[in-house]
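So the structure is just underneath, and the comments pick up after that.
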Amino acid sequence: MPNDAARGDEPVVRHDRDDARYVLRGHDAGSPDAGSPDAGPAGAESADDAAPRAPVDGTIAVWAPGAPAPRRSGRALPIALIAVAALLLLALAAFATTLVIVSQQAAGNPFRDRALFVDPDSNAARAATGSGTEAQRAAASRIAESPAAIWLTPERVRPGTASDAVADTVAQATAAGALPVFVVYGITDRDCGGFSSGGLPRDEYLDWVDEIAAGLGDRTSIVVLEPDSLALASECPDPEARTALVRSALERFSGTGAEVYLDGGHSAWLPAADMAELLRAAGVDQARGFATNVSNAQATEAESAYAARVSDALGGAHAIVDTSRNGAGPPADGQWCNAPDLALGEAAHAVDDPVVDAVLWVKPPGESDGTCNGGPAAGTWWPEQAEELVANADRLAGGS
Ligand code: BGC
């Protein structure tokens, strides 16, 4: 219900489960947050040193060699020198501060200078050598080459087996000298009635998260915690309990090497201030930050701007942006579930930015969002979609 009210000038989306669409509401496409930089004159000279003076008759007085130089007062030179020296010192101090900030960001960004793990056992990798047409296998192979997140669901990684399964993947990634990215997706009332409904009861869920944390150990890894859980909370039976559960799950990673990003919806869903409030309540200050655009197709620029607003409201959390299927941007009609005409987005890479740490494929392209628009069950490999995503990306890139 809160999704129905347009707040501020931000786009608001109503999540309509009946027709499986997000419907854009109150979106003023013509009012991006185009900041107007303060364009003060930099390095303005004193009136004495600037343009030649205009005498009263309107002609320009020009100093010519041989003529006596325009006079300065006896004190003007030392004052000017002191001013220049002070300006230089200020500029030097500003430069040094910038260097410190940039190096701190670089040091804190877990994606910097690290290759991401490519799972040899992904759905895409298996489809690349499985049945299907040649074009479908070629598309699967293209997708399988790029790093994508590994989703941990209780259906695939059952309670009691999660620790070993995760430790095994971490060991493979370590052997490959790469950083593994996991998505934890098993919260109670997961997807609240949507296509990915399920999840574990509260206590079992937290035990399962404990297992995952044990499997991760102290090696650096990335965890995207519970896509949609917070942005969707108002549509779930007990929003407060849900936020508290995300917070408890987050706490379970505190002794591990995981850099955790809570899910932060996307730019066409909740207003940034509301998203920030939910993230704060879920303890984002104990995490590296939040993820945006997971399984959605909003453009990277829109997501970066949104992430900056959410981060501002939080006092500086970091973010990652899912680019798995956003190469062509979102469909005009706001569809999100196996939306037609999508294209692969930018492959994963670290970003040198105060807020956005990286863009990466969180949703594995080619896996269905659910039984909508002709797709199979959520998470199932869908060869037709894989082929379309690759073909559209190639077309946009001017290829075949
Ligand atoms: C599904 C998961 C799947 C994930 C990634 C979700 O919508 O519910 O089973 O792992 O998408 O494809």
Query - Side-chain H-bond candidate by donor/acceptor type, Thr256 with Asp218, under 3.5 Å - result: no
Query raised in the report: Between Ala343 and Leu396, what is the shortest heavy-atom contact and its length?
Result: CB-CD1, 3.8 Å
Query raised in the report: Do Ile222 and Leu179 come within less than 4.5 Å of each other through their side chains, counting heavy atoms only?
Result: yes
Query raised in the report: Would you call Asp357-Arg112 a salt bridge at under 4.0 Å N-O?
Result: no
Query raised in the report: Are side-chain heavy atoms of Glu211 and Pro159 found at a separation under 4.5 Å?
Result: yes
Query raised in the report: Can you list the residues that meet the salt bridge (Lys or Arg N to Asp or Glu O under 4.0 Å) rule with Arg142, with sequence neighbours excluded?
Result: Asp394
Report task. Output yes when Arg126 and Asp121 qualify as a salt bridge under the 4.0 Å nitrogen-oxygen rule, no when they do not. Result -> yes
Report summary line: With sequence neighbours left out, the residues meeting salt bridge (Lys or Arg N to Asp or Glu O under 4.0 Å) with Arg156 are Glu367
Query raised in the report: Are side-chain heavy atoms of Trp151 and Pro227 found at a separation under 4.5 Å?
Result: yes
Requested in this report: Treat each ILVMFWY residue as a node, draw an edge where side-chain heavy atoms are under 4.5 Å apart, and state whether Ile150 and Val224 are in one component.
Outcome: no
Requested in this report: Say whether Val183 and Trp361 are linked into one hydrophobic cluster, either directly or through other cluster members, by side-chain heavy-atom distances under 4.5 angstrom.
Outcome: no
Query - Taking every non-hydrogen atom, the tightest pair across Pro376 and Trp382 - result: CD-CG, 3.5 Å
Query - With sequence neighbours excluded, residues passing salt bridge (Lys or Arg N to Asp or Glu O under 4.0 Å) with Glu301 - result: none
Requested in this report: Return the set of residues passing ring-ring contact (aromatic ring centres under 6.0 Å, His included) with Phe117 (not counting sequence neighbours), or none when no residue passes.
Outcome: none
Query raised in the report: In Å and rounded to the nearest 0.5 Å, what is the OH to OG distance from Tyr306 to Ser311?
Result: 12.5 Å
Query raised in the report: Can Val260 and Arg288 be said to form a side-chain contact (heavy atoms from CB on, under 4.5 Å), step by step?
Result: CA-CA 5 Å; Val260 183; Arg288 172 73 185 167; 6.0 Å; no
**Report entry** Sub-4.5 Å side-chain heavy-atom contact between Pro271 and Met275
**Finding:** no
Query raised in the report: Among pairs that include at least one residue of residues 206-239, which meet ring-ring contact (aromatic ring centres under 6.0 Å, His included), considering only residues two or more places apart or in two chains?
Result: none
Query raised in the report: What's the shortest heavy-atom distance between Gly215 and Val170, and which atoms?
Result: O-CG2, 4.1 Å
**Report entry** Within one Ile-Leu-Val-Met-Phe-Trp-Tyr cluster: Ile320 and Leu270, side-chain cutoff 4.5 Å
**Finding:** no
Query raised in the report: Can you tell me how far the CH2 atom of Trp381 sits from the CG atom of Asn123, to the nearest 0.5 Å?
Result: 7.0 Å
Query - Pairwise distance OG1(Thr220) to CG(Leu216) - rounded to 0.5 angstrom - result: 10.5 Å
Query raised in the report: Can Asp322 and Lys363 be counted as an ion pair, charged N to O under 4.0 angstrom?
Result: no
Requested in this report: Report yes or no: do Val294 and Val184 belong to one cluster of Ile/Leu/Val/Met/Phe/Trp/Tyr joined by side chain heavy-atom distances under 4.5 Å?
Outcome: no
Which atom pairs, one a donor and one an acceptor, fall under 3.5 Å between side chains of residues 248-255 and the rest of the protein, sequence neighbours left out?
unit_1 : atom_1 : unit_2 : atom_2 : d
Ser248 : OG     : Ala244 : O      : 3.1
Arg252 : NE     : Asp210 : OD1    : 3.0
Arg252 : NE     : Asp210 : OD2    : 3.4
Ser254 : OG     : Glu251 : O      : 3.0

Requested in this report: Could you state whether Leu225 and Val157 fall into the same hydrophobic cluster, counting links through intermediate Ile, Leu, Val, Met, Phe, Trp or Tyr residues with side-chain heavy atoms under 4.5 angstrom apart?
Outcome: yes
Query raised in the report: Between the side chain of Asp189 and the main-chain N/O of Cys192, is any donor-acceptor distance below 3.5 Å?
Result: no
Query raised in the report: Under 30°, 30 to 60°, or over 60°: which ring-plane class applies to Phe111 and Tyr261, parallel, tilted or perpendicular?
Result: tilted
Report task. Keeping the roles fixed (side chain from Asp369, backbone from Asn338), state whether a donor-acceptor pair exists under 3.5 Å. Result -> yes
Query raised in the report: Looking at side-chain heavy atoms only, is the closest gap between Thr174 and Arg219 below 4.5 Å?
Result: yes
Query raised in the report: With side chains defined as the heavy atoms from C-beta onward, is the minimum distance between Leu230 and Thr243 less than 4.5 Å?
Result: yes
Query raised in the report: Is there side-chain contact between Arg242 and Pro237, with at least one heavy-atom pair below 4.5 Å?
Result: no
Query raised in the report: Knowing that exactly one of Asn293, Asp228, Asn296, Thr292 qualifies, which makes a side-chain hydrogen bond (donor to acceptor under 3.5 Å, both in side chains) with His266?
Result: Asn296
Query raised in the report: Quick check: does any side chain N or O of Ser368 sit under 3.5 Å from a backbone N or O of Gly375, one acting as donor and the other as acceptor?
Result: no
Query raised in the report: Do Tyr185 and Glu155 have side-chain atoms, one donor and one acceptor, less than 3.5 Å apart?
Result: no
Query - Ionic contact status for Glu277 with Arg280, cut-off 4.0 Å - result: yes
Query - Reported CG-to-CD distance for the pair Asn373 and Gln385, which is rounded to 0.5 angstrom - result: 10.0 Å
Report task. Return yes if some donor-acceptor pair links the side-chain N/O of Asp191 with the main-chain N/O of Ser196 below 3.5 Å, else return no. Result -> yes
Query raised in the report: Do you see a donor-acceptor pair shorter than 3.5 Å between the side chains of Glu303 and Ser267?
Result: yes
Query raised in the report: Is a donor on one side and an acceptor on the other found under 3.5 Å between the side chain of Gln286 and the backbone of Gly283?
Result: no
Report task. Mind checking the CZ-CG spacing from Phe290 to Leu262? Nearest 0.5 Å is all I need. Result -> 10.0 Å
Report summary line: Note: Leu342 and Ala297 closest approach over all heavy atoms is CD2-CB, 3.9 Å
Query raised in the report: So, Asn326 and Thr300: side-chain donor and acceptor under 3.5 Å apart, yes or no?
Result: yes
Query raised in the report: Do the charged groups of Asp341 and Arg325 touch, with an N to O distance under 4.0 Å?
Result: no
Query raised in the report: How long is the span from the CG atom in Asp119 to the CZ atom in Phe182, to the nearest 0.5 Å?
Result: 9.0 Å
Requested in this report: Take Thr153 and Arg190 through the side-chain contact (heavy atoms from CB on, under 4.5 Å) test and state the conclusion after the steps.
Outcome: CA-CA 10 Å; Thr153 65; Arg190 187 186 64 194; 3.8 Å; yes
Query - Derivation and outcome, side-chain contact (heavy atoms from CB on, under 4.5 Å), residues Val356 and His318 - result: CA-CA 6 Å; Val356 178; His318 299 275; over 6 Å; no
Query raised in the report: Taking it one step at a time, do Leu206 and Leu245 satisfy side-chain contact (heavy atoms from CB on, under 4.5 Å)?
Result: CA-CA 8 Å; Leu206 290 175; Leu245 190 49; 3.9 Å; yes
